[in-house]
Amino acid sequence: MHELLERKKGLHRTILIVDDECIEREMLGAMLQDSYAVVYAENGAVALDIIRREKLTLSLIILDLHMPELDGYTLLKIIRSDSELRRIPVIVLTSEREAEVTVLQLGAADFITKPYDAPDVVRARVGRSIELAEDSIIIHETERDELTGLFNKAFFFEYGKLLDLQNRNMPMDAIVLDINRFHIINELYGRYFGDMVLKKVGFSVHDIVCRTGGLACRFNSNCFGIYLPHVPDLAEKLPQMLSVLCEGMGDCKITVRMGVYHDDGSGLDMEQRFERAALTCRKLRNSYTTCCEFYNAELHSRELYAERLMNDIDRALEERQFRVYFQPKYCICGSRPKLTSVEALIRWFHPEFGVIKPGEFISLFEDNGLIQKLDRYVWNVAAEHIRKWENDYGVCIPVSVNVSRVDAFNPLLGEILNEITGKNGLENGKLLLEITESAYTDNSQQIIDTVIGLRKQGYKIEMDDFGSGYSSLNMLTKLPIDALKLDMNFIRNICSNQKDRRLVGIMIEIARMLEVPAIAEGVETKEQMELLKELGCDIIQGYYLSRPLSEEDFEVLLKEELGGKAS
Ligand code: C2E
Ligand code: MG
Ligand code: MG
């Protein structure tokens with residue numbers, strides 16, 4: 001049988017006739033064999049084997065309903081529910097009128113009644129079914145995403161708009177769904193598995209719109225869109241939807257995130273709804289805990305603001321909108337606080353938004369790597385100022401700069417810093433490097449290696465925000481650092497909260513054990529300063545002694561500090 005198929009395909013379109021009655025098969029075959037390659041199967045099971053093997057070359061299946069092994073109804077259902085087989089049209093052979101409606105409902109393209117009509121009628125019905133199926137494949141392929149069979153983006157929006165026009169008062173929700181860390185799934189399990197995941201998610205997405213009505217599409221690699229009639233209790237239904245989506249992937253754990261625009265009657269068009277759903281979905285990118293979020297307007301304006309800041313950074317650097325402020329650190333070991341160094345803190349003087357504090361943009365720029373550019377700018381300014389103050393006032397004031405976690409992973413960090421200190425004629429030890437504690441816990445070994453390398457070159461490392469991360473005591477003893485900066489959240493309440501005071505005491509003890517100074521930041525009152533002094537803290541930084549100052553204001557302070565010694 002298979003050989004016959006091989007010989008004949010390519011010449012004609014191929015038709016599979018499935019009937020347990022030999023005579024019936026032969027009769028039908030005789031009517032068609034001049035125009036088609038005909039293959040035969042004597043029951044549903046044999047037929048299914050052939051269909052699976054020859055799914056790409058079969059143009060039509062003619063199917064009897066009553067057969068041993070696997071009957072025609074069951075085979076028809078199997079074909080119609082299999083995404084790879086359902087493109088092959090099926091004509092059903094019936095002798096009962098009642099069966100006609102049933103088989104058409106099951107997805108048969110047509111039926112031929114037994115005993116057969118005149119051969120011309122049979123050939124006409126066969127020809128028309130093949131033609132219709134082929135036309136619909138052509139339409140289907142331009143509309144559909146090849147892998148999942150869902151609409152592609154262009155058609156999705158086209159049909160969606162049509163749907164909206166036809167149902168003007170029907171509220172519609174938009175959902176954007178993304179598979180978390182899909183590129184890692186591809187890398188770990190291979191492309192074939194990745195495709196399987198996409199197909200599976202695509203199938204579940206299709207299933208959702210089959211049940212709720214609406215449309216689904218694949219926007220791009222691992223991102224899907226669902227446009228469905230408004231579901232008032234969608235929030236309750238989503239967890240169930242999500243769990244179905246992630247089932248059945250074997251050992252590989254798949255998680256997805258969903259951004260939802262819930263129709264509130266504000267009359268946005270389909271594209272605007274999806275923009276908002278996509279924005280909400282993007283926001284979940286770095287969240288480990290939330291997998292689904294509903295759009296809200298406040299979030300939207302925040303995201304737009306963030307987007308705006310990211311677009312503005314190059315121009316801001318060119319136009320010197322970033323300015324470095326300096327906040328003094330004082331040693332409190334002696335009878336009066338003594339200036340020891342300063343911390344460089346960035347400020348953005350934005351032409352439209354005014355002064356923007358780093359809390360609003362640092363993490364944003366860490367996400368997209370722009371922070372490296374910005375930090376390099378700050379380090380340069382810091383080094384230039386150490387040089388300038390030494391030249392102008394004859395004192396060397398070390399400046400600590402913040403080194404973002406992104407910088408700490410850059411293998412060229414040492415070279416970049418050396419270039420900066422080199423061109424300003426500075427010892428490396430005059431640039432103090434603040435690295436936040438949580439960066440150590442992100443990837444401790446790599447950071448530790450970087451820090452060891454930097455210390456070998458003479459840089460001093462201060463662990464910033466100590467207490468906010470999760471350093472284990474074991475890790476702390478291995479850490480190559482030169483100072484511990486206690487997180488200011490612990491300082492805030494030390495005068496009123498006994499527990500915070502104890503904690504700060506313990507952190508100072510840890511610094512002592514590591515034989516490095518403890519620095520407290522965020523010191524706002526005299527009481528806090530005195531308490532810290534009592535607890536054995538070495539250095540403080542905070543509004544009580546000085547706010548972060550512009551270059552000009554810092555020079556005024558420096559002159560006072562030097563007691564008129566400077567020129
Ligand atoms: P940080 O390095 O822990 O800096 C200390 C922050 O505490 C600064 O906020 C400073 O202005 C603020 N501060 C100082 N004294 C007090 C006080 O007495 N009370 C209160 N409430 N706050 C005080 P700022 O300048 O807004 O910076 C926030 C964070 O942004 C910094 O925390 C640092 O992590 C980051 N940052 C600042 N500049 C840069 C930079 O150039 N590069 C990088 N990568 N990060 C930076
Ligand atoms: Mg800092
Ligand atoms: Mg800090």
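Order of listing sets the numbers, starting from 1, for every ligand and every atom in it.
- For atom 15 (N) of ligand 1, the choice among Q372, Q327, E366, R347 with the nearest heavy atom turns out to be Q327.
- Heavy-atom neighbours of E427 CD from other residues, nucleotides or ligands within 6.0 Å: at or below the threshold of 12.
- Distance check for atom 44 (N) of ligand 1: a protein heavy atom is found below 4.0 Å.
- Ranking the protein heavy atoms by distance from atom 40 (C) of ligand 1 puts D375 OD1, 3.6 Å first.
- When distances from the Mg ion (ligand 2) to the N, O or S atoms of E343 are compared, OE2 comes out shortest.
- When non-hydrogen atoms are compared, ligand 1 lies under 4.0 Å from neither the backbone nor the side chain of V403.
- For the residue pair D173/H230, the side-chain donor-acceptor check at 3.5 Å is satisfied.
- Listing protein N, O or S atoms at distances below 2.8 Å from the Mg ion (ligand 3), with waters left out, gives D464 OD1, D465 OD1, E521 OE2.
- For ligand 1 and M488, the ligand atoms under 4.0 Å from any heavy atom of the residue are 5 (C), 6 (C), 7 (O), 12 (C), 13 (N), 20 (C), 22 (N), 23 (C).
- A distance of 9.0 Å separates CD1 in I519 from CD in E343, rounded to the nearest 0.5 Å.
- Taking any N or O of Q541, backbone or side chain, none lies under 3.5 Å from an N or O belonging to ligand 1.
- V378 CG2, 3.5 Å is the protein heavy atom nearest to atom 41 (O) of ligand 1.
- The nearest heavy-atom contact from the protein to atom 34 (O) of ligand 1 is N402 OD1, 4.1 Å.
- H262 contributes a side-chain N or O that, together with a main-chain N or O of V231, makes up a donor-acceptor pair within less than 3.5 Å.
- Comparing K485, E521, K329 against atom 5 (C) of ligand 1, the shortest heavy-atom distance belongs to E521.
- For R347, the side-chain contact (heavy atoms from CB on, under 4.5 Å) test picks out Y325, L345, F349, V355, K357, P358, P548, with sequence neighbours left out.
- Listed by number with element, the atoms of ligand 1 under 4.0 angstrom from any heavy atom of E434 are 2 (O).
- When E524, Q528, R547, K357 are ranked by how near their heavy atoms come to atom 19 (N) of ligand 1, first place goes to E524.
- Near G542, the atoms of ligand 1 lying under 4.0 angstrom from a non-hydrogen atom of the residue are 15 (N), 18 (O).
- For ligand 1, the atoms closer than 4.0 angstrom to any heavy atom of D465 are 3 (O).
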- Check step by step if salt bridge (charged side-chain N to carboxylate O under 4.0 Å, His left out) holds for E434 and K329. CA-CA 13 Å; E434 292 194 8; K329 296 184 208 170; 3.4 Å; yes

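- From the protein, the heavy atom lying nearest to atom 24 (P) of ligand 1 is P358 CG, 3.6 Å.
- F151 pairs by the ring-ring contact (aromatic ring centres under 6.0 Å, His included) definition with Y159, not counting sequence neighbours.
- Residues N410 and Q372 bring a donor and an acceptor atom of their side chains to less than 3.5 Å of each other.
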- Stepwise salt bridge (charged side-chain N to carboxylate O under 4.0 Å, His left out) check, E530 with K526: CA-CA 6 Å; E530 277 165 2; K526 187 162 187 261; 3.4 Å; yes

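- H183 pairs by the ring-ring contact (aromatic ring centres under 6.0 Å, His included) definition with nothing, not counting sequence neighbours.
- Between the side chain of Y459 and the backbone N or O of K430, no donor-acceptor pair lies under 3.5 Å.
- Between I346 and ligand 1, at least one N/O pair is under 3.5 Å apart.
- At most 12 non-hydrogen atoms from other residues, nucleotides or ligands lie less than 6.0 angstrom from NZ of K153.
- Atom 22 (N) of ligand 1 has its nearest heavy-atom neighbour, among F322, Y543, F365, in Y543.
- Annotation: atom 10 (C) of ligand 1 to nearest protein heavy atom, L345 CD1, 3.7 Å.
- Atom numbering of ligand 1 starts at 1 in the shown order; those under 4.0 Å from a heavy atom of P548 are 11 (O).
- By the 30° and 60° cut-offs, the orientation of the rings of W389 relative to F326 is perpendicular.
- A donor-acceptor pair under 3.5 Å links the side-chain atoms of N380 to the main chain of R376, judged by distance alone.
- Atom 32 (O) of ligand 1 is never approached by the protein to below 4.0 angstrom, counting heavy atoms only.
- Using bins of under 30°, 30° to 60° and over 60° for the plane-to-plane angle, the ring pair F322/W348 lands in the tilted bin.
- Of all atoms in ligand 1, numbered sequentially from 1 with element shown, those under 4.0 Å from a heavy atom of D464 are 1 (P), 2 (O), 3 (O).
- Taking the six-membered ring for Trp and the full ring otherwise, the centers of F490 and F466 sit at least 6.0 Å from each other.
- Contact between E343 and ligand 1 is present, with at least one heavy atom of the residue lying under 4.0 Å from the ligand.
- Every atom of ligand 1 is numbered from 1 in the order shown, and the set under 4.0 Å from a heavy atom of V523 is 18 (O).
- Residues S400 and K485 bring no donor and acceptor atom of their side chains to less than 3.5 Å of each other.
- S404 places no side-chain N or O within donor-acceptor distance of the main-chain N or O of I371, the cut-off being under 3.5 Å.
- Ligand 1 places these atoms under 4.0 Å from at least one heavy atom of S404: 44 (N).
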